[in-house]
Amino acid sequence: MSEPIFFKRQKHLTVGEIAALTQAEPRPGTPLDRAVVNVASLETAGPTDLAFLDNSQYADHLASTRAGACLISPRFAERASPDVAVLVAAEPYRAFVTIARELFPDSLRPLASSESGAVSPKALVDPSSRLENGVTVEPGAVIGPRVEIGAGTHIGATAVIASDVRIGRDCSIGAAVTIAHTLIGDQVIIHPGCRIGQDGFGYVMGARGHLKVPQIGRVIIQDRVEIGAGSTVDRGAIRDTVIGEGTKIDNLVQVGHNVVIGRHCVIVAQTGISGSVTLEDFVVLGARAGVNNHLTIGEGAQIAGTSIVHGDVPPGARWGGMPAKPVKQWFREIMTLERLARPSDPDGKRQSDR
């Protein structure tokens, strides 16, 4: 891994400190005082780097790695070189991420374009707004009338926070974000280029033209939500659009009006969620999934990438396909089609049937 010049190291950790933070078990003889200052993959790691291994696909790199320390699954522990400080962990990748967060906490939020740590004189802040102590507003940002922003929140360059918006404490609003008609909780991260709270797409279609439906709802974003770059969240029409606590949304996701997303959902890139959809808690939508309007996806359900959902999905289900259906049924249909598509021999029998 290249030198991480964009992120300042906050500290270095010893192998012993890493073991304590992750509850990993050091291999006998492991040098607990060895310093770790960086993280890297097994094949690129050096003597002061921490690596991890929990997938047999990468096990061949274990013998040749130069990593100073490695978090490793129990099944691979005996294969590591004696020069590596081995830490046996039940979940090596989770442990690795825990340490990466400790070493590079600045990487968890959008990078600031200014290091002033205050309200820039080049920002436009309406005098009726209320900013608590410790708010940072970068150059070119616009803070509208009666906006309220909590302590520790960072507003990126050229962001626009429209009138009456409320933003909680310790949030990060990236550069060029626009936010209107929205209430935001604490520790929310909104990455650059997002559009939050604009009109939902609603028209009454007819022969004399399309009648625009007033969108008079809000967007409610609860604590510890993260929304990826370039995503859009429309405000509600006759009810609020809601994103539940701890939900993580990837880049380039569209959330339509009146959508209610539960707690700790994961929505992957280029997914589109039509209006008035309800996602219950812990739902996962794979990349480029599409969800038709007025549907409910039950708690804990998972939708495969590129799937199109046209009906309600029961709790805990795993669906995929176009249209989406239970994955076992989907796989059976794919296998059947593949078998039917195989070429036939001159005697008329398919090669798979011989």
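These numbers come from the heavy atoms of this one structure, side chains and all, not from hydrogens, waters or symmetry mates.
Residues Leu62 and Phe76 come closest through the heavy atom pair CD2-O, 3.6 Å. Residues Leu87 and Ala19 approach most closely at CD2-CB, 3.9 Å, considering heavy atoms. Closest of all the heavy-atom pairs between Cys194 and His191 is SG-O, 3.3 Å. Closest heavy-atom contact between Ala40 and Ala45: CB-CA, 3.7 Å. Among all heavy-atom pairs drawn from Leu42 and His61, the shortest one is CB-CB, 4.0 Å. Counting all heavy atoms, side chain and backbone alike, Ala85 lies closest to Thr30 at CB-CG2, 3.6 Å.
The CD1 atom of Ile216 lies 11.0 Å from the NE2 atom of His181; values are rounded to the nearest 0.5 Å. Atom OG of Ser172 and atom CD of Gln187 lie 12.0 Å apart (nearest 0.5 Å). With rounding to the nearest 0.5 angstrom, the CG atom of Asp234 is 7.5 Å from the NE2 atom of His257. A distance of 6.5 Å separates CD1 in Ile249 from CD1 in Ile273, rounded to the nearest 0.5 Å. For the atom pair Phe52 CZ and Tyr58 OH, the distance stands at 8.0 Å (nearest 0.5 Å). Between atom OG1 of residue Thr98 and atom CD1 of residue Ile18 there is a gap of 11.0 Å, rounded to the nearest 0.5 Å.
Hydrophobic clustering, with ILVMFWY side chains joined whenever heavy atoms are under 4.5 angstrom apart, groups Leu103 together with Val15. Taking hydrophobic clusters as Ile, Leu, Val, Met, Phe, Trp and Tyr residues chained together by side-chain heavy-atom distances below 4.5 Å, Ile189 does not share a cluster with Ile167. A continuous path of hydrophobic side-chain contacts links Val277 to Ile221 [ILVMFWY only; heavy atoms under 4.5 Å]. Note on Leu50: it does not cluster hydrophobically with Val84, by side-chain heavy-atom contacts below 4.5 Å among ILVMFWY residues. The same ILVMFWY cluster, assembled from side-chain heavy atoms under 4.5 Å apart, contains both Val125 and Val165.
Every residue meeting the salt bridge (charged side-chain N to carboxylate O under 4.0 Å, His left out) condition with Glu132, not counting sequence neighbours, appears here in chain and number order: Arg169. Every residue meeting the salt bridge (charged side-chain N to carboxylate O under 4.0 Å, His left out) condition with Arg146, not counting sequence neighbours, appears here in chain and number order: Asp164. In this view, His310 and Asn292 satisfy the side chain to side chain donor-acceptor pair (under 3.5 Å) rule, not counting sequence neighbours. Applying the side chain to side chain donor-acceptor pair (under 3.5 Å) criterion to Ser276, with sequence neighbours excluded, gives Asn258. With sequence neighbours left out, Arg66 forms a salt bridge (charged side-chain N to carboxylate O under 4.0 Å, His left out) with no residue at all. Qualifying side chain to side chain donor-acceptor pair (under 3.5 Å) partners for Asp281, counting only residues two or more places apart in sequence or in other chains: Arg263. With sequence neighbours excluded, no residue forms a side chain to side chain donor-acceptor pair (under 3.5 Å) with Asp223. Residues that satisfy the salt bridge (charged side-chain N to carboxylate O under 4.0 Å, His left out) test with Arg224, not counting sequence neighbours, are Glu245.
Looking at Gln254, its side chain never comes within 3.5 Å of a backbone N or O of Gly272 through a donor-acceptor pair. At least one donor-acceptor pair under 3.5 Å links the side chain of Asp250 to the backbone N or O of Ala269. A donor-acceptor pair under 3.5 Å is absent between the side-chain atoms of Ser73 and the main chain of Asn55, judged by distance alone. Checking side-chain atoms of Ser231 against main-chain N and O of Leu252 turns up a donor-acceptor pair under 3.5 Å. Panel note: side chain Asp126, backbone Ser128; a donor-acceptor pair is recorded below 3.5 Å. The main-chain N or O of Thr14 is found under 3.5 Å from a side-chain atom of Glu17 such that the two form a donor-acceptor pair. The backbone N or O of Val147 sits nowhere less than 3.5 Å from a side-chain atom of Ser129 that would complete a donor-acceptor pair. Side-chain atoms of Arg94 do not come within 3.5 Å of backbone N or O of Ala89 as any donor-acceptor pair.
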Q. Given the rule in the side chain to side chain contact (heavy atoms under 4.5 Å, CB included) test, do Leu285 and Leu279 qualify, once you have shown the distances and angles that lead to the verdict?
A. CA-CA 10 Å; Leu285 301 182; Leu279 306 185; 3.9 Å; yes
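Each salt bridge (charged side-chain N to carboxylate O under 4.0 Å, His left out) pair with one or both residues in residues 148-161, not counting sequence neighbours, appears once here: Arg130-Glu148, Glu148-Arg166. Under the salt bridge (charged side-chain N to carboxylate O under 4.0 Å, His left out) criterion, no residue pair touches residues 72-90, with sequence neighbours excluded. Screening residues 183-204 for salt bridge (charged side-chain N to carboxylate O under 4.0 Å, His left out), with sequence neighbours left out, gives Asp199-Lys212, Asp199-Arg235.
Inter-residue side-chain proximity for Ile161 and Ile179 is flagged as met; some heavy-atom pair is nearer than 4.5 Å. Here the side chains of Phe201 and Ser274 are not in contact, with every heavy-atom distance at 4.5 Å or above.
Counting non-hydrogen atoms of neighbouring residues, nucleotides and ligands closer than 6.0 angstrom, the CZ atom of Arg318 reaches no more than 12 such neighbours. Within 6.0 Å of CZ on Arg34 lie more than 12 heavy atoms contributed by other residues, nucleotides or ligands. Annotation: Leu21, atom CG; neighbour count of heavy atoms from other residues, nucleotides and ligands within 6.0 Å is above 12.
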Atom pairs and distances, side-chain donor-acceptor, residues 293-302, under 3.5 Å, sequence neighbours left out:
none

